[in-house]
2 protein chains.
Amino acid sequence: MNTLKKKIRDHKYKFTSQRQVILQAFLDSQENHMSAEDVFNVVKQIDPDIGLATVYRALELFSSLDLLKKLDFGDGRSRYEINDNNLSHSHYHLICLGCGRVTEFSYDFLSEIKDKIRKENGFEIVDYQLKFYGYCKDCEKNKIQ
Amino acid sequence: MNTLKKKIRDHKYKFTSQRQVILQAFLDSQENHMSAEDVFNVVKQIDPDIGLATVYRALELFSSLDLLKKLDFGDGRSRYEINDNNLSHSHYHLICLGCGRVTEFSYDFLSEIKDKIRKENGFEIVDYQLKFYGYCKDCEKNKIQ
DNA sequence: GTGCGTGCAAAGTCTTTGCAAACCG
DNA sequence: CGGTTTGCAAAGACTTTGCACGCAC
């Protein structure tokens, strides 16, 4: 938390109690991919006066500071996760078309492809997002088709 | 177009003039990733009476039939492209953080990772989406930082 | 104290839905 | 003809914004 606090202050933003509570929610949460409303519901427990707009504003601020990473799983709302800030530590998301469960998977295929893309397109990668859609073990078992 | 028409009829859906015009827009368009409104603007030229809701309904229908593929580039609206229906032909999107331009890139790394994921997670992949964020040649050149 | 940050409510954007009329097969 | 599909407008879901008050520094 102190690292996060420092990063916010370094950018001349204020470390308000609301911002702290919202960050804490991510540090504490078992739920890895919270939507704005998920976050709102968590922080309301600690500070009932907090507003949904404040949550949205904080999530956007934190994303711009790379404290959080904004995700999209195609369910009509943005989701966020703590950003570990290291490309090679990145993970991918396995999104089950049956139950919607999102699992994480990690495997370094990037170094190879990164070079290839730089050479062929002159495109300098700073981040990426990889989502696999399919059926998880349980749904595969129960699939009719 | 006849293949598409067949696929629609095979599923007992009607091949209406509106649906035809919308599909034609994708076949003709140079723009590879049209939003619902982009499509609406194109088809209005041909059929001024067409409604935006019809476009949305058609895009959803076509996606469910795998004629189109629904994409999300994080700009707050869904985008669509013709689906080539072959996992190994799939391409990735290079999204420039400078100018927003979306380029396509193709490289088969999937077969390898697919096996790995099936073994380790019991997850059966049917589709995936890979997006790289970074800076394209031009923006890299002009980047201050 | 000053100006950034907040809460609230209203507005905005994209998308979906209800319904009567139109149309495909 | 009958059930789909359409166009329109209204509603819905998520997110952003305007503004007066409050708080971090």
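Proteins come first, then strands; the chains are lettered A, B, ... in the order of their sequence lines, and each starts at number 1.
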Nearest-Å distance for atom pair CZ/P, residues B/R77 and C/dT15: 8 Å
Would you kindly give the CZ-to-P distance between B/R19 and C/dG25, to the nearest whole Å? 10 Å
Does D/dT16 have OP1 or OP2 under 4.0 Å away from a side-chain N or O of A/Y56? no
To the nearest 0.5 Å, what is the distance between CD (B/Q20) and CG (B/D47)? 11.5 Å
Quick one: CD on B/Q18 to CD1 on B/I22, what's the gap to the nearest 0.5 Å? 7.5 Å
Aromatic ring centroids of A/H33 and A/F73 under 6.0 Å? yes
Has B/R57 got a side-chain N or O lying under 4.0 Å from the OP1 or OP2 atom of D/dT6? no
What is the distance, to the nearest angstrom, from the CG atom on B/L59 to the C1' atom on C/dT15? 11 Å
Quickly work out the B/I50 CD1 to C/dA22 P distance and round it to whole Å. 17 Å
What is the distance, to the nearest angstrom, from the OH atom on B/Y13 to the P atom on D/dG3? 17 Å
Any A/Q18 side-chain N or O less than 4.0 Å from OP1/OP2 of D/dA24: no
Kindly say if B/T16 contacts the phosphate of D/dT6, meaning a side-chain N or O under 4.0 Å from OP1 or OP2. yes
Is the shortest side-chain N/O distance from A/S78 to OP1 or OP2 of D/dT15 below 4.0 Å? yes
Taking the nucleotide of DNA chain C with the closest heavy atom to each, which residue, B/K70 or B/K14, is nearer the 5' end? B/K70
Can you measure B/Q20 atom CD to D/dT4 atom P for me and round it to whole angstrom units? 22 Å
